[in-house]
Amino acid sequence: MYFCSFEKKFKMYREYKSLNLPRIDQEILEFWEANHIFEKSVEQRPGDNRFVFYEGPPSANGKPGIHHVMARTVKDLFCRYQSMKGKRVERKGGWDTHGLPIELNVEKELGITKEDIGKSISVDEYNERCRETVMRYKDMWDDITRKMGYWVDLHDPYITFKNDYIESVWWLLRQLYDKGLLYKGYTIQPYSPAAGTGLSSHELNLPGAYRDITDTSAVAQFKVKGKADEYFLAWTTTPWTLPSNTALAVGKDITYVKVRTYNRYTGKGATVILAKDRLPAYFTEPKPELQPEEVKASNKPIPYLDIVEEIKGAALAGMEYEQLMPYVQPDKPAFKVLLGDFVSTEDGTGIVHIAPTFGADDFKVARENDIPPLMVKDELGNLMPLVDKQGRFVKEVTDFAGRYVKDYGQEEERPVDVDIVIKLKEEDKLFLSEKYVHSYPHCWRTDKPVLYYPLDSWFIKATAVKERMFELNQAINWKPKSTGEGRFGKWLENLQDWNLSRSRYWGTPLPIWRSEDQKEEKCIGSVEELKREIENANQALGLKQQAPNDLHRPYIDEVVLVSDSGQRMMRELDLIDVWFDSGAMPYAQWHYPFENQQVFKDNFPADFIAEGVDQTRGWFYTLHAIAAMVFDSVAFKNVVSNGLVLDAEGNKMSKSKGNVLDPFKTIEAHSADVTRWYMMSNANPWDNLKFDIKGMEEVQRKFFGTLYNSYSFFALYANIDKFYNQEAQVPLSERPEIDRWIISLLNSLVKEVDADYADYEPTQAARKIQNFVNDNLSNWYVRLCRRRFWKPSQQQNGSKTAMDQDKLAAYQTLYECLVAVSKLMAPTAPFFADWLYRNLNNATQSESHESVHLADFPVSNAAVIDKDLEQRMDYAQRISSLVLSLRKKEKIRVRQPLHKILLPILDNHFQEQVEGVKTLILSEVNVKDIEYVTDTSGILKKRIKPNFKTLGRRLGKDMKDASAAIGALNQEDIARIEKTNQYLLELNGNSYELTLEDFEITAEDIPGWQVANDDNITVALDITLDEELEAEGMARDIVNRIQNIRKDKDFEVTDKIRVALQHDEALASAVEQYGDYIKAETLTTDLQLVDSVINGEEIELPGEVKVRISVERQ
RNA sequence: AGUCUCGUAGCUCAGCUGGUUAGAGCGCUACACUGAUAAUGUAGAGGCCGGCGGUUCAAGUCCGCCCGAGACUACCA
C-alpha cells in the first residue's frame, strides 16, 4: 500500500487518485476492529474520571431506519468527544424486548388474535414466539451499528426479558410498593366490548381508528331541586350514559342565564339554565308574547320569553337536581352541580353531564367532589357499571335491559339512544335532540366502536412526587431547553398517576399476589423472596411448588402463595407497562441491587443521554420518574432530544408512503461520515431534518472534498521535500504573517469547538470546522501559500539542499492545521478523521497514538491567538476581493501587474493593520503598491449616517427627523464634526449635543476613480499601464503557457526543461527583462528566442499575438 | 383540543440582548484562473423575513391573533 520508503524510519504520505469515502469507512473499520481501538479508547482512561452514558434500548423487532442513524450519531459524537477529553466512557448496549408491538407482530404472523392465546396457542408457546421474534433483526442492528461507526459495547448488553433484569424491576416495584406508591384502582379506559379487551392509547392511535359516525345527541332537562319547572340543560352525544348520570359540571367563570321559554315537544312552560355564550345556539330572540305553539317541535333555535337572571358558574356549584333516569340509586349523596375546568362553551350548553363510569373527566371530577358512580352488583356480588362488558345494559335499567349501547351488529328497530331520547321526550325531560356527526374511536381489530369503561388497573402514584420531579427537572440540562421547560415541564405539571397495567402476555409480570377476597396482598421484590414465599406456601397449603426458571407468564401465574392469615394468594394477572422496563435500565442493567452495587454507584446518574423527542414522555419520563421516586435523584444530567428525519419534501418517513430511506444503502453509497456530518451540520439535531441526498452530495464535495484536496496537496509536496515533521519548529515569531494568522484562527477554532461540544451543540461545532477548512485553510491559506511549497529550496553552499525556513514553516503550519482538524472532527466524522490523522501521523510518527480516537482533544493556546492579526487578514481578504472585482469590471487580467491601489484610511490603526498584510494583498491581486489616501488629501468623499444605537434612546421621537438632517450634511459639515468632535443638532425646538460617536462616517468615493465598497472599506485601482508593466504581464503569460504545456505533456513537477520561443516584437522586451523570472518559474534551464520554431505548438498571447513554442524535457 | 418546535432567496440554513442597503453555501447565469485541476476565484440575477394587528423614534427580531408543516399528549359533554 505504501510507496517505496527511502528513509527507513519514515513511510511516505499516502497519495490517492481520488476520494473514495466508503472505502475509507471500510478500511478504518477493519483497522478499529483488528486493533481494538474502541476498547482501548475506553480502557486507557481512568475509572475515577467517568462520563456516564446510558443507551436507550432499541427494539430489535423492527429494522433500523435512517432516523436511528441520526439519534446514534448524537450519542456517539458526545461520547467520543468526552473520551478524547480524557473521560472513561463506557457504553453498555441494551435491547428492549417486551411490549405490545412485539405481541401484535407475532399475532399477525400467526394469524391469531388475543382471544386465541391460551386457546389455540398456549401462553408459553406464544411467549416463546415473542422471545424469538424479539431479536429477529439483531444482526441488522449490529451491522448498522458497526457501519455507521457507533461505538457501543454489544458484547454484554442488557436484555429486558432476562430473569436478572426482571428481578431488578421487581425490586424497584417493591420499593414503590413499600413507599405506598403502588395501588390498584379503577379508571376509565378505552375498551372494546366486541373484542372484550381494553385498548392502549397506542392502539387507539392506529390509522383508521378514529372515524366519523352519526350519533343521536340529546339536550336533557335536569330538574332543579325544589323549583317548579326550572331545569339545567346538558348536552350529550351518548344518551346511553344518561341513566348513569350522577352530577353536572359547570365552568367557574362562565356566565349562565336563566331563560323562560316553552318545551318544544310538550309545550309546557320551562325556565332553563345554560351558558350565556351558548344562547344563540338554541334560541333566536326574546318574544314577550311568545305562545307555546310557536316553538313546536322545531329542531331550529326557538324564541324565548325573557331572561330572568344571569349567574356565574361558581354560584351554581353545589346546587342539587333530581335524578334524570332513576333506575339505580347511588350509595352516597349525588346529583349536584360541580365545577370542572374542562367545561367550555364551544359546543353544548356549557353544562356537562357527568357519568363517572363512562368518561375520564367525569370520573376524575366526580372523585374529586366525592360524587359516587352508579354501580350495580353482578351475580358474584362484584360492583359493575350499568353497562356490561359486552356493551349491554344491565337488567336494572329495566326499559333497556340487555340492549347494546352502540352498534355491535345487533338487529334492532332503533338504536337504544333513540329510544332513550323518545322516553325523555315523553317524560318532558328532553329539550332538544339532533343527529350529530363526530369522530369516534373504533377498535382496530373488530372495527366496532370503543367504549370508555371503568377497568381495574395498577397505578404508580406519580402525582405524589410530582413537585419533587418538577424540582429535580430544574437541574437537568435539556437540549433544546424548550423541550425540558415546555413539553417535559408541562407534562410534569399536569402529571397523572402512571397506569402500569397491561392485560397482555409478553412482558414483565406484576409481582403482586392477592388473596381471593382481595383483602390481603404481597409484593415480591426478589427471586429469593419468591422462593421463600413459595416454601411457606408449600408448607401451609401442602403444595410442592418450585420457583419457575422463567419469571414470565404463564409459569409465574401458576405460583400460589399464602397470606399471613393462611389464604391462598394468586398473582394479579397484569403485566407492567414496557416503559417501566426501559426506565429501570440504570439499575436493571447491572442487576442492581443483587449484584454490582459499586458499579451502579459509579454509573448513576448518567451524565448524558440522547433520544428522539418522541421519547420525552416515554423513556425520558420513565427514567426520571423511577429515579425520583426510588432514589430521589435525577437519572440524567444532560439530555439531547433530536427531531425527526423527514424526507426531502418534509413528509414523515413511513412505510406506507414508500419514502423510507434504507440506512445501509445510504451509508454504502455516501459513507457514514458524510451521512453523519450532513445530519449534524445541516440543522440542529433537535430540529426536524429534511433528509435530502443533494445535501449529502454537497457535504461530500464541499467539505470532505476540500479537506481531501488540502491533504493531497500537502502529501504531494511533503513527499517530494521529505517533510516528516522532524525539524525543530520554526518559532511562530519567525513565521510569515499568514502562518501566524492561520495558527491564530486554528486556536480560536479549537477553543470554540471545544466549548460547543461541551455544550452539546454539535451543529455549531461542525459548521465552524467546515468554515475553517473551506474558507480559511483551503481557499486562503493553501491557495496563497501554494508557491511556498513548490518553489525550489534555496541551494545552500551549492550542493546540499536544505529546506529553507519559509518552506519549512509552511509545512509545519499546514501539518499542524491538518492534524488539529482531524482531531476536532473526530467525534462527528470518526472514519475520515482517523484516516486523515493516520495518514499524517503514520508518516511522521510525531504522536504515539495509533488512532485519532486515542488522542487527546486539542487544547487551545491563548498565547498564539491574535485578534488583531485575524482582523488584519480579514481586511486583506476583503481588500483583495474588492480589487479583483475592480479588475474584472475593467477587464484587466490578473496576470497583468498594475501600479497601485488607492486605499482611503479613516484612522491610523486601519493603516497599520493593512500595512501588516500589504505584501499579501499585493501578490494576491498582482499590484505593485498601496497608496493610502488620507483626509488631508481632500479627495475623499465621505458619507455620514447617524449611529442609531447611541442616538435612538436620546432622541426618541426626533430620531426620524434627525436621520434626515444628518443624511443631508455636506462634506464640510462632516469635516467639521471630525475635527471638533461635536455637533449641535436642532430639531423641533429641541437641541442635542452630539459627538463623533453618534455618527458613522465612511469613505465612500474617490471622485475620478473606479471604486468598490464593502461595508466600511473602500478601494480604488490605478489602471494605467506602462511598457514595463506590460512586459511583466507578458512574461507572466508566457510562464502560464509554458506551464500549461508542461502539464499537457505530463512532465513531472520537478522536471527541468528547455524552451525555444518564436521571436515576436511583442515578446522581445518581456523575454529580455524577465527571462530569468520565466526560467525560474518554469524550471527552464535554457530559454531561447529563435526566428522559427519547427516543432512545438502554437500559443496565443495577449494582444492577439500568435507564436510557436517548443518545450522539451532536458 | 392542548403543549412544544418550525415557517427568512429556487434549495439548506445564519441573523447575538430590537438600530436602518437582510447574509452564507448550494443551484442558476456570465466571466476569469490554471503546478490543489472531476479543483479554484469574481460578478450577476434572485427576498412584502408565512399573514394580520399591536408595542416602539425604530420590528426578520418583542407581544397577541390567524394560517401552514410536524411532533407529542389527550379525547371532551
Side-chain angles (χ1 to χ4, degrees), chain A residues 18 190 201 204 210 217 234-238 241 248-249 340 342-344 346-355 359-362 438-441 452 480 482-483 485-491 494 496 612-618 643-644 646 648 650-652 681-683 686-688 690 692 694-695 697-698 701-702 705-706 708-714 716-717 763 767 770-771 774-775 778-779 782-783 786-787 789-790 881 884-885 887-889 891 893-895 945-953 955-963 1040 1043-1044 1046-1047 1051 1053 1081-1083:
Chain A
S18 66
S201 56
L204 234 48
Y210 278 86
S217 76
W235 178 62
T236 179
T237 56
T238 52
T241 60
L248 295 172
F342 52 87
V343 179
S344 77
E346 266 160 45
D347 46 23
T349 61
I351 301 177
V352 178
H353 137 68
I354 299 293
D361 279 338
D362 307 39
H438 62 154
S439 114
Y440 196 86
Y452 288 87
S482 61
T483 299
E485 280 172 4
R487 190 182 282 209
F488 196 67
K490 288 270 159 51
W491 163 256
N494 303 316
Q496 305 293 310
V613 262
D614 51 338
Q615 295 297 341
T616 308
R617 278 134 185 200
L644 302 180
L646 309 171
N651 301 307
K652 194 182 178 184
S681 65
N682 188 68
W686 36 88
D687 290 334
N688 289 346
K690 281 190 205 164
D692 192 353
K694 281 196 219 125
E697 286 161 359
E698 189 178 323
R701 246 197 352 268
K702 283 300 285 182
T706 305
Y708 161 81
N709 269 338
S710 301
Y711 166 76
S712 300
F713 174 84
F714 171 84
L716 174 67
Y717 292 106
T763 308
R767 286 177 179 172
Q770 194 168 305
N771 184 51
N774 286 344
D775 297 349
S778 169
N779 289 349
V782 173
R783 194 162 59 82
R786 273 181 307 190
R787 65 180 295 124
F789 292 90
W790 54 258
S881 175
L884 289 171
S885 87
R887 291 189 88 110
K888 141 124 180 121
K889 211 176 274 168
K891 294 195 174 21
R893 62 191 202 282
V894 179
R895 272 190 297 266
K945 271 195 322 194
N947 181 347
F948 285 88
K949 251 184 182 153
T950 62
L951 287 178
R953 201 177 290 155
L955 305 201
K957 279 191 198 298
D958 288 333
M959 192 62 221
K960 237 174 208 159
D961 296 330
S963 177
N1040 164 251
Q1043 301 289 32
N1044 286 350
R1046 284 183 65 112
K1047 225 168 87 185
F1051 290 178
V1053 176
E1081 286 295 302
T1082 57
L1083 297 187

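Sequence lines set the chain letters: A, B, ... in the order given, protein chains first and strands last, and positions in each chain run from 1. Values below: every heavy atom of this structure, side chains too, minus hydrogens, waters and symmetry copies.
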Mind checking the [atom1] distance from [N] to [M]? Whole angstroms is fine.
| N | M | atom1 | result |
| --- | --- | --- | --- |
| B:C4 | B:C13 | P | 23 Å |
| B:C26 | B:U17 | P | 28 Å |
| B:C65 | B:U55 | C1' | 15 Å |
| B:A9 | B:A45 | C1' | 11 Å |
| B:C49 | B:G10 | P | 12 Å |
| B:A69 | B:U61 | P | 22 Å |
| B:U42 | B:A58 | C1' | 36 Å |
| B:U40 | B:G25 | C1' | 16 Å |

OP1 or OP2 of [N] under 4.0 Å from side-chain N/O of [X]:
| X | N | answer |
| --- | --- | --- |
| A:Asn682 | B:C13 | yes |
| A:Asn779 | B:G41 | yes |
| A:Arg767 | B:G15 | no |
| A:Lys945 | B:U21 | yes |
| A:Lys690 | B:C11 | no |
| A:Arg893 | B:A32 | no |

Results of side chain to side chain contact (heavy atoms under 4.5 Å, CB included) for [X] - residues two or more places apart only:
| X | answer |
| --- | --- |
| A:Gln770 | A:Trp677, A:Ser681, A:Phe703, A:Asn774 |
| A:Arg893 | A:Arg895, A:Gln896, A:Asp1037, A:Pro1102 |
| A:Asp775 | A:Asn771, A:Asn779 |
| A:Ala234 | A:Phe222, A:Leu248, A:Ile351, A:His353 |

Can you measure [X] atom [atom1] to [N] atom [atom2] for me and round it to whole angstrom units?
| X | N | atom1 | atom2 | answer |
| --- | --- | --- | --- | --- |
| A:Lys960 | B:U20 | NZ | P | 15 Å |
| A:Leu951 | B:C57 | CG | P | 15 Å |
| A:Lys949 | B:G18 | NZ | P | 9 Å |
| A:Asn774 | B:U12 | CG | C1' | 15 Å |
| A:Phe948 | B:A59 | CZ | C1' | 14 Å |
| A:Asp362 | B:C75 | CG | P | 12 Å |
| A:Lys694 | B:C28 | NZ | P | 11 Å |
| A:Met959 | B:U56 | CE | C1' | 13 Å |

message: Which residue in the set A:Ile354, A:Thr236, A:Asp362 passes side chain to side chain contact (heavy atoms under 4.5 Å, CB included) when paired with A:Thr241?
response: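 Only match with A:Thr241 under side chain to side chain contact (heavy atoms under 4.5 Å, CB included): A:Thr236.
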Which part of the nucleic acid, if any, lies within reach of [X] when heavy atoms closer than 4.0 Å are counted: base, sugar-phosphate only, or nothing?
| X | result |
| --- | --- |
| A:Phe789 | nothing |
| A:Asn709 | base |
| A:Thr349 | nothing |
| A:Asn1040 | sugar-phosphate |
| A:Gly952 | base |
| A:Ala234 | nothing |
| A:Thr1082 | base |
| A:Ser712 | nothing |
| A:Gln770 | nothing |

field: Gap between atom CH2 of A:Trp686 and atom OG1 of A:Thr763 - 0.5 Å precision
entry: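 With rounding to 0.5 Å, OG1 (A:Thr763) is 6.0 Å from CH2 (A:Trp686).
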query: Distance from A:Thr1082 atom OG1 to A:Asn1040 atom CG, nearest 0.5 Å?
result: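 Atom-to-atom, A:Thr1082:OG1 and A:Asn1040:CG are 11.5 Å apart.
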Which one, [options], comes nearest to the side chain of [X]?
| X | options | value |
| --- | --- | --- |
| A:Ser778 | B:A36, B:G19, B:G27 | B:A36 |
| A:Leu884 | B:G41, B:C11, B:A36 | B:G41 |
| A:Ser710 | B:C57, B:A36, B:G27 | B:A36 |
| A:Asn688 | B:G70, B:C11, B:C57 | B:G70 |
| A:Lys702 | B:U40, B:C11, B:C6 | B:U40 |

query: Who are the salt bridge (Lys or Arg N to Asp or Glu O under 4.0 Å) partners of A:Arg701, not counting sequence neighbours?
result: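 Per chain and number, A:Arg701 pairs via salt bridge (Lys or Arg N to Asp or Glu O under 4.0 Å) with no residue.
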- request: State which residues pass salt bridge (Lys or Arg N to Asp or Glu O under 4.0 Å) with A:Glu1081; sequence neighbours excluded, sorted by chain then number.
  value: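 A:Arg787.
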What nitrogen or oxygen pairs link the protein and nucleotides 8-10 of chain B at under 3.5 Å?
none

query: RNA chain B in dot-bracket, Watson-Crick or G-U pairs under 3.5 Å, [ ] crossing, | other strand?
result: (((((((..((((.....[...)))).(((((.......))))).....(((((..]....))))))))))))....
message: Could you go through A:Asp692 and A:Lys694, starting from their C-alpha distance and side-chain angles, then the distance that decides it, and tell me whether this counts as side chain to side chain contact (heavy atoms under 4.5 Å, CB included)?
response: CA-CA 5 Å; A:Asp692 192 353; A:Lys694 281 196 219 125; 3.8 Å; yes
Results of ring-ring contact (aromatic ring centres under 6.0 Å, His included) for A:Phe789 - residues two or more places apart only: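 Counting only residues at least two positions away or on another chain, A:Phe789 forms a ring-ring contact (aromatic ring centres under 6.0 Å, His included) with A:Phe713, A:Tyr811.
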task: With RNA chain B as reference, determine whether A:Val352 or A:Trp686 sits nearer its 5' end, using the nearest nucleotide of each.
output: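 The residue closer to the strand's 5' end, by nearest nucleotide, is A:Trp686.
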query: Where each residue is assigned the nucleotide of RNA chain B containing its nearest heavy atom, which of A:Arg701 and A:Gly359 is assigned the position nearer the 5′ end?
result: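 Result of the comparison: A:Arg701.
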message: Would the distance check show the side chain of A:Ser963 and the main-chain N or O of A:Met959 forming a donor-acceptor pair, the cut-off being under 3.5 Å?
response: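 A pair under 3.5 Å: no.
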